[in-house]
Colleague: 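Quick one: structure below, then a few questions.
Indexing begins at 1, ligand by ligand and atom by atom, following the structure's order. These values consider heavy atoms only, across backbone and side chains, with no hydrogens, waters or symmetry-generated copies. Nothing here was measured: the structure is a model prediction, and the numbers come from that model.
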Amino acid sequence: MKVPVYMDYHATTPVDPRVVEAMLPYFTESFGNPASRQHRFGWITEEAVESSRSTIAKLVGAESKEIIFTSGATESNNLAIKGIGEAWKQKGMHIVSVQTEHKSVLDVCKKMEKLGYQVTYLPVDEYGLIDIDRLKHAIMPKTILVSVMVANNEIGTIQNIAEVGEICHEKGVFFHTDASQAVGKIPMNVREMGIDLMSFTAHKIYGPKGIGALYVRSSNPKVKVAMQMEGGGHERGMRSGTLNVPGIVGFANALELCSQSMDEDSKRLSNYRDKMVAAFSSQLDGVYLNGHPTMRLPNNLNISFTYIENDALMMSMKDVAVSTGSACSTANPEPSHVLKALRLPQERLHSAIRFGLGRFTTEEEVDYVVNRVVENVKKLRELSPAYQSRFAGRTAAVYN
Ligand SMILES: *Cc1c(COP(=O)(O)O)cnc(C)c1O
């Protein structure tokens, strides 16, 4: 077993060697610009792009022409929200989203507010779920878009997306979802779930970084999105710029591999996850699971080890790569906006650790991480006066 052990698969994943293999020819021999319609170099890569687009579309229940390639989920979220905002401004300037969304949704929403749009940020319960009645009431005649993520990147909670889709269609508003953590890990079907726009990205599913997609529904209803990148009119005019051919080929290959092993991976990883929970709670007290106990990603575990600081715990085990939450905001020592939205007691906010399991996680690694965490939580708690007075009875006097 190699250290450090990687258990941060929500931040990113290594590219599967089979994906690298599939991509390689498109860096060298088959390097043509797919927009070059006049010669064979272009035809070859156009064919590769279109076959990848069709693979990706099928695996999420879409049609090929509904898949717009972008640089990743951040760009897809920007394109969806800004693009709908701009195109449907005449109809209304109200957007509904959720407090626990990824920053690339929340920060775009903030930008929209600066531009004069009104945004309702739905609260969540202690498990991270939105209240469907609250969503219904938040939708007004001037609402144009609802943006609710499928699975949360910090706590793994999975929303009832089909229900959200149904409400949005009843009320005649567009439904966008950030499915970055869900696609490839749990079954996703844009038609069955009533999704109008869906962001997803290759690097969370063992594909390369810098390539993602936005699904944009083409019928019932046809969704019009204003382009946010002007230029050569690629991607049906919705996103200009020469296509990242190796990235697109890798993205399709990665998604195909995920869907082939989804059931198996999901069973294996949720077993590991349950084993970790059982080990932590039998060997430590003051351990709390964050997120929903059952409606959650198979590969996510977010746990508070109360009476320790999560930063201190991570520093004490540099041979284990875990995270306190979102990789995009770790410069900020504040507890994450997601945990805050759960309105948990203060001591749970500061002691939360996110474990992200993935394709290359082994049982040996799971056992190693459990042991390292238990050992270091115990050590840190020995130094914590608050813990000593709470749990250790008479010894408390020594520390107070
Ligand atoms: C990783 C992630 C993103 C950002 O995706 P990029 O491709 O890195 O831009 C957006 N939303 C969620 C939920 C994510 O997990």
Side-chain angles (χ1 to χ4, degrees), residues 6-15 19 56 60 67-83 97-111 121 124 128-130 147-159 161 164 176-186 188 195 197-215 228-229 239 241 244 247-248 250-252 254-255 258 291-292 295-302 321-330 336-339 341 354-358:
Y6 189 72
M7 247 190 218
D8 200 13
Y9 280 85
H10 299 295
T12 193
T13 61
V15 182
V19 172
I56 292 170
V60 298
I67 301 295
I68 307 299
F69 288 116
T70 65
S71 63
T74 298
E75 188 189 331
S76 297
N77 288 339
N78 271 265
L79 176 56
I81 299 168
K82 291 174 180 169
S97 191
V98 184
Q99 289 174 358
T100 50
E101 290 292 313
H102 191 265
K103 284 284 177 201
S104 58
V105 166
L106 290 178
D107 286 0
V108 177
C109 285
K110 269 187 225 152
K111 176 77 176 280
Y121 300 94
V124 294
L129 286 177
I130 58 165
S147 181
V148 176
M149 76 199 315
V150 181
N152 187 272
N153 49 302
E154 294 189 32
I155 54 173
T157 298
I158 300 171
Q159 304 289 344
I161 286 301
V164 176
H176 166 249
T177 191
D178 176 351
S180 303
Q181 296 287 344
V183 164
K185 301 191 186 96
I186 58 172
M188 287 299 301
I195 296 166
L197 303 112
M198 180 171 83
S199 306
F200 52 120
T201 184
H203 77 99
K204 303 289 173 76
I205 58 169
Y206 314 95
K209 293 167 184 62
I211 183 73
L214 180 67
Y215 153 78
Q228 301 299 311
M229 184 78 79
R239 203 278 193 178
N244 172 359
I248 290 167
F251 189 9
L255 186 54
C258 280
H292 198 279
M295 291 174 69
R296 65 184 302 129
L297 287 172
N299 66 326
N300 172 278
L301 187 58
N302 190 307
V322 290
S323 145
T324 56
S326 154
C328 318
S329 50
T330 39
S336 82
H337 68 282
V338 174
L339 292 170
R354 177 183 73 178
F355 302 88
L357 311 179

Colleague: If you measure every N or O of Ser71 against every N or O of ligand 1, does any of those distances drop under 3.5 Å?
Modeller: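 In this structure, Ser71 places no N or O atom under 3.5 Å from an N or O of ligand 1.
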Colleague: How does Met149 reach ligand 1, by side chain, by backbone, by both or by neither, if only non-hydrogen atoms under 4.0 Å count?
Modeller: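 It is the side chain that touches ligand 1; the backbone stays farther off.
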Colleague: For ligand 1, which part of Thr201 has a heavy atom less than 4.0 Å away: the side chain, the backbone, both, or neither?
Modeller: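 Side chain only; the backbone of Thr201 stays clear of ligand 1.
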Colleague: For the backbone of Glu154 and the side chain of Asn302, can you confirm whether one donor and one acceptor N or O come within less than 3.5 Å of each other?
Modeller: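 Between the backbone of Glu154 and the side chain of Asn302 there is a qualifying donor-acceptor contact (under 3.5 Å).
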Colleague: Sub-3.5 Å donor-acceptor pair from the side chain of Ser323 to the main-chain atoms of Arg354, do we have one?
Modeller: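 Absent.
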Colleague: Would you check the N or O atoms of Glu75, main chain and side chain alike, for any that come under 3.5 Å of an N or O of ligand 1?
Modeller: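 Looking only at distances, the answer is no, because the N/O contact criterion of under 3.5 Å is not met.
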Colleague: Return a yes/no value for His203: is any of its N or O atoms, backbone included, closer than 3.5 angstrom to an N or O of ligand 1?
Modeller: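 Yes, there is a polar N/O contact under 3.5 Å.
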Colleague: Going by heavy atoms in the side chains, are Val108 and Lys82 under 4.5 Å from each other?
Modeller: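 Contact flag for Val108/Lys82 side chains = yes.
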Colleague: Has ligand 1 got any nitrogen or oxygen that is less than 3.5 angstrom from a nitrogen or oxygen of Asn153?
Modeller: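 It does not: no N or O of Asn153 is found under 3.5 Å from an N or O of ligand 1.
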Colleague: Looking at side-chain heavy atoms only, is the closest gap between Lys204 and Lys209 below 4.5 Å?
Modeller: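 When only atoms from C-beta onward are counted, Lys209 and Lys204 do not touch, as no gap falls below 4.5 Å.
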Colleague: With side chains defined as the heavy atoms from C-beta onward, is the minimum distance between His337 and Glu101 less than 4.5 Å?
Modeller: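 No, their side chains stay 4.5 Å or more apart.
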Colleague: Check each heavy atom of Ala73 against ligand 1 and say whether those closer than 4.0 Å belong to the side chain, the backbone, both or neither.
Modeller: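 Both backbone and side chain of Ala73 come within 4.0 Å of ligand 1.
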Colleague: Check whether the ring centres of Tyr206 and Phe251 lie less than 6.0 Å apart, and answer yes or no.
Modeller: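 Not close enough - the centres of the two rings lie 6.0 Å or further apart.
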Colleague: Under a heavy-atom criterion of less than 4.0 Å, does Ser104 contact ligand 1?
Modeller: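 The answer is yes, since Ser104 has a heavy atom less than 4.0 Å from ligand 1.
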Colleague: Working note: Tyr9 + Ile205, criterion side-chain contact (heavy atoms from CB on, under 4.5 Å); need CA distance, chi angles, decisive distance, verdict.
Modeller: CA-CA 9 Å; Tyr9 280 85; Ile205 58 169; over 6 Å; no
Colleague: For Gly72, counting its heavy atoms only, list the atoms of ligand 1 lying under 4.0 Å from any of them.
Modeller: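 Reading through ligand 1 atom by atom, the close ones are 7 (O).
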